[in-house]
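The structure under discussion appears below in the form of C-alpha cells.
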Amino acid sequence: DIFPALLGVSTDDGATWTNYRMFGYNQFILGANNASGTLDVTVDISESAANESAVLIRFAYNPDVNSPMSHYYLAVDDVEVYENPNANNLAVLQVMNNDVMNLWEIKNYPLEQSPEIYAGAVYGNYGSAAQTGVEILFEVLDADDNVLSSTIEVIGDVPTNTIDTVYHATGYALADLGNYTLRATVSSNEDEEVVENTIGDRYLTVTPTTMSYEDMDNMDTQNGPRDDDNGGFLEGGYANYFFVEAEGSSAHGIEVVFGDNSTVGTEVFVQFFNVTGADINADEDNMPVDELTIADHVIAEEDLEMGTYIPFEDEVELEVGEAYFVTVRQFAGDDEMWVRGTFNVDTDNSSYERDQNSDQEPTWFSSADENAVRLALNTLLSVEDLANTIASITVSPNPFSEMTRIEYTLDAKATVSYTIFDANGRLVKEEKLGNQGAGTQTILVEGASLEAGIYYFNLRIGDTATTEKLVITK
C-alpha cells in the first residue's frame, strides 16, 4: 500500500492488528510538493470491530513505505467512533474514460481522435452488509441528457469495506462535436439506502482541434513559479503527456490558458518531445531528450482572457503507440508565467510541473492539478479537401465585434449545419440549416452577445467539415 499512514484495529489486547487505509478515496495527494490539507476521513472498521467487547485503535506510519514518503507528517485530532448507520451503501467514487493504469485519461479530444469509449469506475461498499448481484450501468449522454449508449457490467457479490475498479468496453464512439457525459450507476439486489452515492459522472468534450485533460467548465486554480531569494522568480513550467489512438493526425501547436497572475511580456518556451519508453521522475535532471519541435511566445494582455494558440516551428506527424510530452516553460527572472487548470483531479499522472528538487535544480514533478496545456491537432478537413462540395468560403470582417458574414458556395445540393465553440472547447451555438441548393449561401454570426476571444466556426456539409477561426473584439 502506497499510503504513509494506517489505522490499526485490535480485538485481542494488541497481540494482532488489522490495518486500514487512513484516507478516503482520492483524498491523499501523493506529490511531495503538495499538501493534502485537513481531511475529514471516515474509515469503516466493522469487519474487525463489530460485536467485539473491547477494541483497540491506533494510528501509525506504514512500515512498508520508505524514503519516497519521507516528506510527510501526520496529525490526528477529533476522533469519533460510532455505529455505521447504513447497511446498504454502495457508492461510485470515480468514473474514468480509459484504463488509467495503462493509458492517460484524455477528457477533451478532437473528432478524429474519438475512439470507442472504454469506461472505468471505482466503486465501494460503505455499508455494514455485503451486497449481492452488484452491477454497474454505463451510459453516454449528450448535452441535453439524451441517452446515446447504455451497457451493463456485471460484478457479482461485494463484501463490506471494499473499494475496487472495473473497466468496461461500451462499443460506442462519439461521432459529433459537443459536450457529453459518461455516467456510471451502481446497483445490487439490496435496497440502497444512500441513493445519491450510486451515480458518478465524467464530462467529455469532442473539440474542433485540441486534446487535453482539464475540466474545461471548472478551471478553478492557477499555478505559477516559486519566488527566488532576490525578489524574482525561479524557472517554472507545466507539461502534459499525450498519445493518439488513430493514425493520420499531426500536432501543429499548443493552446495554453494563462492565468491572470502572469506578467504581460513574459517570454515562454515550448518544447514537444517523443518520450516513448522514457522515465520522467523527480530523482534527477529529467528533461526529455528526443525533441521533435519547439516554439516561443511572449504573453500579451489578451492572452490572460482566453486560450492562447502557439504554433510549433514544424508540424509533427503523430504515431499510434508512441508517447509524447509537451512543455511550456519560463526561465528564471523578474517575470512570471501562471497556467490555469483543475485542482487536485489528476489521478493518471498525466500532468507535470517544473519545480526545484532537493539539489535546487529545475525538475519535472507529477502534478495533482490538471494543467490547461492542450495539444492542437490537424483534425478537420481543409477547404481544399472539400473542393467537390464547397467551391469557396470567406469570413468578413474577421476580427469583428458586432457581426460577421460567412459566405460559401456549394457545387451541389447538400445538408448543411454549423457549430461554434469557444477557445475552451465549449459549444456556444449550433444550427441545422437543412438542405441547401447549389450556389452561394450566407450565414450571419452575431458577436454582440459573446465575450471577446477566439472562437471556432465548424461548417458541416453532408459528411465533411471545415473549421474557421473567428476573433471577436470589444
Side-chain angles (χ1 to χ4, degrees), residues 21 23-27 42 44 86-109 114-127 129-176 178-206 212-218 245 342 344-350 370:
R21 291 192 304 186
F23 300 95
Y25 179 76
N26 215 23
Q27 283 186 306
T42 300
D44 187 346
N86 301 302
N88 306 316
N89 184 9
L90 286 172
V92 173
L93 305 174
Q94 183 180 354
V95 181
M96 295 89 73
N97 176 37
N98 225 327
D99 178 358
V100 298
M101 300 304 295
N102 297 295
L103 287 172
W104 299 288
E105 183 194 13
I106 295 175
K107 304 179 185 70
N108 315 299
Y109 43 80
S114 178
E116 289 188 359
I117 293 176
Y118 187 58
V122 181
Y123 63 93
N125 181 3
Y126 287 89
Q131 302 295 289
T132 63
V134 175
E135 60 184 30
I136 295 182
L137 170 67
F138 287 98
E139 297 174 295
V140 180
L141 297 86
D142 64 15
D144 296 321
D145 285 337
N146 297 310
V147 177
L148 307 177
S149 170
S150 178
T151 51
I152 291 175
E153 180 75 19
V154 176
I155 296 171
D157 297 342
V158 177
T160 186
N161 203 35
T162 294
I163 296 178
D164 207 347
T165 303
V166 65
Y167 291 100
H168 176 80
T170 67
Y172 184 80
L174 301 175
D176 293 297
N179 303 316
Y180 299 88
T181 301
L182 173 60
R183 176 167 294 168
T185 305
V186 63
S187 62
S188 70
N189 293 331
E190 287 69 39
D191 293 330
E192 179 62 37
E193 297 174 48
V194 193
V195 177
E196 60 269 24
N197 291 348
T198 62
I199 300 175
D201 290 339
R202 168 66 78 205
Y203 300 109
L204 309 174
T205 301
V206 180
S212 66
Y213 296 94
E214 82 286 355
D215 183 348
M216 290 181 168
D217 287 319
N218 186 32
E245 296 191 69
T342 306
N344 194 27
V345 293
D346 185 1
T347 58
D348 60 358
N349 292 320
S350 57
E370 288 179 335

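Heads up: numbering here begins at 1 and tracks the sequence.
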Spatial distance of atom [atom1] ([X]) from atom [atom2] ([Y]) [nearest 0.5 Å]:
X	Y	atom1	atom2	answer
Asp346	Glu214	CG	CD	11.5 Å
Asp215	Leu204	CG	CG	10.5 Å
Tyr118	Glu245	OH	CD	11.5 Å
Gln131	Glu190	CD	CD	4.5 Å
His168	Ile117	NE2	CD1	10.5 Å

For residues [X] and [Y], determine if any side-chain heavy atom of one lies less than 4.5 Å from a side-chain heavy atom of the other.
X	Y	value
Val92	Thr185	no
Lys107	Thr205	no
Val194	Tyr126	no
Leu141	Tyr180	no
Tyr213	Val345	no
Ile106	Asn98	no

Do we see a donor-acceptor contact under 3.5 Å between the side chains of [X] and [Y]?
X	Y	value
Asp201	Thr181	no
Thr170	Glu116	no
Ser212	Asn108	yes
Asp164	Thr162	no

Of Ile163, Thr160, Asn88, the residue whose pairing with Asn125 passes side chain to side chain contact (heavy atoms under 4.5 Å, CB included):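 Result for side chain to side chain contact (heavy atoms under 4.5 Å, CB included) with Asn125: Thr160.
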Which of these, Thr165, Leu93, Ile155, sits in a side chain to side chain contact (heavy atoms under 4.5 Å, CB included) with Tyr123?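 Filter result, single survivor: Ile155.
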Any donor-acceptor N/O pair, [X] side chain to [Y] backbone, under 3.5 Å:
X	Y	result
Glu105	Asn97	yes
Glu192	Leu90	yes
Arg202	Leu182	no
Asp348	Ser350	yes

With a sphere of 6.0 Å drawn around CG of Asp191, does it hold more than 12 non-hydrogen atoms of other residues, nucleotides or ligands?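 At most 12 heavy atoms, drawn from other residues, nucleotides or ligands, come within 6.0 Å of this atom.
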Which heavy atom in Ala173 sits nearest to a heavy atom in Ser114, and how many Å separate them?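 Heavy-atom minimum between the residues: CB-O, 4.0 Å.
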After noting the C-alpha distance and the side-chain angles of Val134 and Val186, does the key distance pass the side-chain contact (heavy atoms from CB on, under 4.5 Å) rule? CA-CA 7 Å; Val134 175; Val186 63; 3.8 Å; yes
Leu137 vs Ser150, test: side-chain contact (heavy atoms from CB on, under 4.5 Å). Steps then yes/no. CA-CA 7 Å; Leu137 170 67; Ser150 178; 3.2 Å; yes
Please determine whether side-chain contact (heavy atoms from CB on, under 4.5 Å) holds for the pair Ile199 and Arg183, giving the CA-CA distance in whole Å, both sets of side-chain angles, and the decisive distance to 0.1 Å. CA-CA 7 Å; Ile199 300 175; Arg183 176 167 294 168; 3.8 Å; yes
Apply side-chain contact (heavy atoms from CB on, under 4.5 Å) to residues Tyr167 and Glu153 and explain how you reach the verdict. CA-CA 8 Å; Tyr167 291 100; Glu153 180 75 19; over 6 Å; no
